**Student:** 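Okay, handing you the structure first.
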Amino acid sequence: MTRVLITGGAGFIGSHYAHHALQAHPGWQVTVLDKLTYAGNPANLQDLEGNPRYRFVRGDIASRQDVERAIAGGVDIIFNFAAETHVDRSIGDPEGFIRTDVYGTYTLLEAARARGVEAFVQISTDEVYGSIARGRSLETDALMPTNPYSASKAAADRLAYSYFATYNLPVFISRASNNYGPNQYPEKVIPLFVTNALEDKPLPLYGDGQNVRDWLYVTDHCEAIDVMLERGTPGEVYNIGGGNERRNLEITEQILDRLGKPRTLLRYVQDRPGHDRRYALDCSRIGTLGWRPRVPFEKGLEETIAWYAANRAWWEPIKTGEYLEYYRKQYRI
Ligand code: NAD
Ligand code: DAU
């Protein structure tokens with residue numbers, strides 16, 4: 001059995017990867033380590049309870065004791081998905097981002113070094129490149145993060161690399177574009193706009209709505225991580241993009257139209273400070289390993305909208321309490 005640690009496995013991408021890992025790798029024994037912050041949701045992993053190849057540990061990646069508790073039985077591969085992930089929250093209060101995204105990654109890298117793991121997979125992001133007006137970011141391009149979230153992720157990305165360069169730890173680093181799909185916390189733009197539309201609430205579009213993101217369906221991301229690990233080279237970075245560049249305005253209109261809601265629900269609001277205009281990735285490096293995204297954007301969006309429409313019991317309890325406090329502060333409504 002290969003002993004695998006998945007941090008942040010109660011979150012959006014981590015929970016998809018935990019399911020994928022157990023299904024695609026019958027020889028893997030999976031431990032999820034998750035602090036269960038506001039973004040971590042045990043419901044995302046509920047169906048795995050009772051699976052003899054799965055166990056859940058509640059704990060903090062920035063705590064050595066918690067990490068040791070999670071890997072006490074040994075560990076062969078570490079996937080680090082755990083992070084504070086929302087750009088707007090990082091602008092309001094950066095401290096938790098530095099603690100988890102930077103210090104937490106350091107804590108895991110130290111544990112990995114002490115144990116001599118087979119692989120350490122750092123889940124980074126395309127945001128580390130900053131905005132790109134034309135063309136596509138290459139793995140070798142300079143990093144120009146512009147907000148505390150992306151700067152923390154850039155620090156973690158390069159810290160992970162330093163453990164390869166200095167200690168020969170077999171580190172693999174992915175830089176993915178914007179993920180979407182079921183189980184995404186409704187602070188991120190697609191689930192926020194879909195659930196607001198379902199509730200006939202305004203969709204708060206930042207600035208002029210012309211910012212561009214490249215959308216990657218979450219299951220395509222999971223498959224790319226495996227390709228990187230199985231066929232990639234330790235120490236390398238791999239861009240993972242969906243090949244679906246869309247302006248935010250177009251996405252907003254598609255969501256309203258697909259749900260049969262009026263365009264009058266669209267509300268232009270004050271822009272995000274330092275709002276990156278466009279992200280776009282050159283994915284030829286992972287392409288040469290044989291990976292291509294499989295889910296076309298229109299199909300993925302349709303399925304995502306259908307999932308939120310059918311799973312109100314998943315998101316309605318989230319959009320209360322702390323969420324509402326955050327929402328009112330963020331959007332001043
Ligand atoms: P998410 O916010 O949905 O989930 C993050 C998870 O990490 C939660 O379960 C949370 O409880 C857990 N967590 C937070 N702090 C922790 C800590 N100190 N210790 C242990 N667990 C902790 O995030 P996501 O969107 O699924 O993103 C997962 C990873 O992928 C992150 O590293 C993120 O930077 C990266 N990423 C995300 C996207 C995207 O579009 N969502 C794109 C590229 C990369
Ligand atoms: O690019 C990868 C990154 O994608 C990940 O690393 C981050 O963890 C993830 O949160 C995401 O960051 P973004 O800032 O791109 O995602 P978000 O969903 O917050 O915003 C997407 C776009 O939509 C962005 O241009 C801002 C805009 N937006 C967002 C919100 C929340 C709005 O117009 N209104 C909103 O209310």
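Counting starts at 1 for both ligands and their atoms, following the listed order. Quick note: residue numbers are just sequence positions, from 1. Being a predicted model, the structure only gives us computed values, none of them experimental.
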**Student:** Students should be able to answer this: which protein heavy-atom is nearest to atom 35 (C) of ligand 1, and at what distance?
**Tutor:**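 So the nearest neighbour among protein heavy atoms is Ile123 CG2, 3.8 Å.
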**Student:** Under 4.0 Å from a heavy atom of Leu205: give me the atoms of ligand 2 that qualify, with their elements.
**Tutor:** 33 (O)
**Student:** Looking at CD1 of Ile123 and OG of Ser174, how far apart are the two atoms once the value is rounded to the nearest 0.5 Å?
**Tutor:** 3.5 Å
**Student:** Between Asp257 and Arg263, does any side-chain N to carboxylate O distance fall below 4.0 Å?
**Tutor:**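 The answer is yes: the pair qualifies as a salt bridge.
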**Student:** Any ion pair linking Arg247 and Glu253 (charged N to carboxylate O, less than 4.0 Å)?
**Tutor:**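 Judged by the 4.0 Å cut-off on N to carboxylate O distance, Glu253 and Arg247 do not form a salt bridge.
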**Student:** Please work out which of Thr37, Asp60, Leu36 has its closest non-hydrogen atom nearest to atom 17 (C) of ligand 1.
**Tutor:**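 It is Asp60 whose heavy atom sits nearest to atom 17 (C) of ligand 1.
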**Student:** Under 3.5 Å between any N/O of Val87 and any N/O of ligand 2: does that happen in this structure?
**Tutor:**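 Among all N and O atoms of Val87, none is under 3.5 Å from an N or O of ligand 2.
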**Student:** Can the ring centroids of Tyr206 and Tyr268 be said to lie less than 6.0 angstrom from one another?
**Tutor:** no
**Student:** According to the salt bridge (Lys or Arg N to Asp or Glu O under 4.0 Å) rule, which pairs have a member within residues 301-316, sequence neighbours left out?
**Tutor:**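 Residue pairs passing salt bridge (Lys or Arg N to Asp or Glu O under 4.0 Å), neighbours aside: Arg258-Glu302, Lys299-Glu303, Arg312-Glu316.
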**Student:** Looking only at non-hydrogen atoms, which of Gly11, Gly8, Ser15 approaches atom 4 (O) of ligand 1 most closely?
**Tutor:**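 When every heavy atom of Gly11, Gly8, Ser15 is considered, Gly11 comes closest to atom 4 (O) of ligand 1.
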**Student:** Give the residue, atom name and distance (to 0.1 Å) of the protein heavy atom nearest atom 42 (C) of ligand 1.
**Tutor:** Ser177 O, 3.3 Å
**Student:** Could you tell me whether some N/O pair between Arg213 and ligand 2 is separated by less than 3.5 angstrom?
**Tutor:**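 Yes.
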**Student:** Pick, from Tyr279, Tyr331, Trp215, the option with the minimum heavy-atom distance to atom 36 (O) of ligand 2.
**Tutor:** Tyr331
**Student:** State the atoms of ligand 1, each with its element, that fall below the 4.0 Å cut-off from a heavy-atom position in Asn178.
**Tutor:** 40 (O)
**Student:** Numbering the atoms of ligand 1 from 1, which are under 4.0 Å from a heavy atom of Ser124?
**Tutor:** 43 (C), 44 (C)
**Student:** Which option wins on minimum heavy-atom distance to atom 19 (N) of ligand 1: Asn179, Ile61, Asn183, Leu108?
**Tutor:** Ile61
**Student:** Where the closest heavy atom to atom 6 (O) of ligand 2 is concerned, which of Tyr268, Tyr149, Phe193, Phe12 has it?
**Tutor:**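 Answer by nearest heavy atom: Tyr149.
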**Student:** Taking 4.0 angstrom as the limit and counting only heavy atoms of Tyr149, give me the atoms of ligand 1 inside it, by number and element.
**Tutor:**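 It comes down to these atoms of ligand 1: 33 (C), 34 (O).
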**Student:** Would you mind listing which atoms of ligand 2 come within a distance below 4.0 Å of any non-hydrogen atom of His275?
**Tutor:**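 Going through ligand 2 atom by atom, the ones under 4.0 Å from His275 are 24 (C), 25 (O), 26 (C).
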**Student:** Is the distance between the ring centroids of Phe81 and Tyr17 under 6.0 Å?
**Tutor:**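 Close enough - the centres of the two rings lie under 6.0 Å apart.
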**Student:** Let's go through Tyr308 and Asn183 carefully: what are the C-alpha distance in whole Å and the side-chain angles of both, what is the deciding distance for side chain to side chain donor-acceptor pair (under 3.5 Å) to 0.1 Å, and is it a yes or a no?
**Tutor:** CA-CA 8 Å; Tyr308 283 93; Asn183 303 88; over 6 Å; no
**Student:** Less than 4.0 angstrom from a charged side-chain N to a carboxylate O is my criterion; do Arg213 and Glu127 meet it?
**Tutor:** no
**Student:** Assess the pair Trp28 and Phe79: is the distance between their ring centroids shorter than 6.0 Å?
**Tutor:**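 Yes - the distance between ring centres of Trp28 and Phe79 falls below the 6.0 Å cut-off.
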**Student:** I'd like to check which ligand 1 atoms, numbered from 1 as shown, lie under 4.0 Å from a non-hydrogen atom of Gly59.
**Tutor:** 19 (N), 20 (C)
**Student:** Examine Tyr180 together with Tyr217 and report whether their ring centres are nearer than 6.0 Å.
**Tutor:** yes
**Student:** Given side chains that start at C-beta, do those of Tyr331 and Pro202 come closer than 4.5 Å, heavy atoms only?
**Tutor:**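 The answer is no; the side chains never approach within 4.5 Å.
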**Student:** Could you list which atoms of ligand 1 come closer than 4.0 Å to a heavy atom of Thr125?
**Tutor:**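 Within the 4.0 Å cut-off of Thr125, ligand 1 contributes 43 (C), 44 (C).
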**Student:** If every non-hydrogen atom of Ile71 is compared with every non-hydrogen atom of Arg55, which pair is closest and at what distance?
**Tutor:**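 Closest heavy-atom pair between Ile71 and Arg55: N-NH2, 4.4 Å.
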**Student:** Quick check on contacts: which atoms of ligand 1 are under 4.0 angstrom from a heavy atom of Lys153?
**Tutor:** 31 (C), 32 (O), 33 (C), 34 (O)
**Student:** Would you call the rings of His16 and Phe12 parallel, tilted or perpendicular, where under 30° means parallel and over 60° means perpendicular?
**Tutor:** perpendicular
**Student:** What protein heavy atom lies closest to atom 5 (C) of ligand 1? Include the residue and the distance to one decimal.
**Tutor:** Ala83 O, 3.5 Å
**Student:** Taking the minimum heavy-atom distance to atom 29 (C) of ligand 2, which of Tyr180, Tyr185, Tyr206 ranks first?
**Tutor:**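 Going through Tyr180, Tyr185, Tyr206 one by one, Tyr206 has the nearest heavy atom to atom 29 (C) of ligand 2.
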**Student:** Can you tell me which residue and heavy atom of the protein come closest to atom 29 (C) of ligand 1, and the distance to 0.1 Å?
**Tutor:**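 Ranked first by proximity to atom 29 (C) of ligand 1 is Phe81 O, 3.1 Å.
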**Student:** Going by heavy-atom distance to atom 22 (C) of ligand 2, choose the closest among Asn178, Asn248, Ile13.
**Tutor:**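 Heavy atom nearest to atom 22 (C) of ligand 2 belongs to Asn248.
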**Student:** Could you find the nearest protein heavy atom to atom 11 (O) of ligand 1 and give me its residue, atom name and distance?
**Tutor:**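 Residue, atom and distance for the closest contact: Asp34 OD1, 2.6 Å.
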**Student:** May I ask which of Ile13, Thr85, Thr7 has a heavy atom nearer to atom 37 (C) of ligand 1 than the others do?
**Tutor:** Ile13
**Student:** Could you see which bit of Asp126 sits under 4.0 Å from ligand 2, with heavy atoms only: side chain, backbone, both or neither?
**Tutor:**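 Asp126 to ligand 2: side-chain contact only, backbone stays beyond 4.0 Å.
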**Student:** Less than 6.0 angstrom separating the ring centers of Tyr38 and Tyr185, yes or no?
**Tutor:** yes
**Student:** Should Ser177 be counted as touching ligand 2, given the test is an N or O pair under 3.5 Å?
**Tutor:**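 No, Ser177 has no N/O under 3.5 Å of an N/O on ligand 2.
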**Student:** Identify whether the distance between the nearest side-chain nitrogen and carboxylate oxygen of Arg58 and Asp34 falls below 4.0 Å.
**Tutor:** no
**Student:** Look at atom 21 (N) of ligand 1 and say which protein heavy atom is nearest, naming residue and atom and giving the distance to 0.1 Å.
**Tutor:**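 The answer is Lys35 N, 3.0 Å.
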**Student:** Is there a polar contact between ligand 1 and Phe12, counting only N or O atoms under 3.5 Å apart?
**Tutor:** yes
**Student:** Looking only at protein heavy atoms, which one is nearest to atom 43 (C) of ligand 1, and how far off is it?
**Tutor:**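 The closest one turns out to be Ala176 O, 3.4 Å.
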**Student:** For Thr100, is at least one N or O under 3.5 Å away from an N or O on ligand 1?
**Tutor:**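 Yes, there is a polar N/O contact under 3.5 Å.
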**Student:** Between ligand 2 and Glu187, can you find any atom pair, the residue atom being a heavy atom, that is separated by under 4.0 Å?
**Tutor:**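 Within the 4.0 Å threshold, so yes.
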**Student:** Counting only pairs under 3.5 Å, give me each side-chain donor-acceptor contact of residues 93-102, with atom names and distances, residues two or more places apart or in other chains.
**Tutor:**
from   : atom 1 : to    : atom 2 : distance (Å)
Arg99  : NH1    : Asp60 : OD2    : 2.8
Arg99  : NH2    : Asp60 : OD2    : 3.2
Asp101 : OD1    : Glu84 : N      : 2.8

**Student:** Quick one: look up the protein heavy atom nearest atom 13 (P) of ligand 2 and list residue, atom name and how far away it is.
**Tutor:**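 Closest protein heavy atom to atom 13 (P) of ligand 2: Glu127 OE2, 3.4 Å.
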**Student:** Could you check whether Arg64 pairs with Glu110 (Lys NZ or Arg NE/NH1/NH2 to Asp/Glu carboxylate O, under 4.0 Å)?
**Tutor:** no
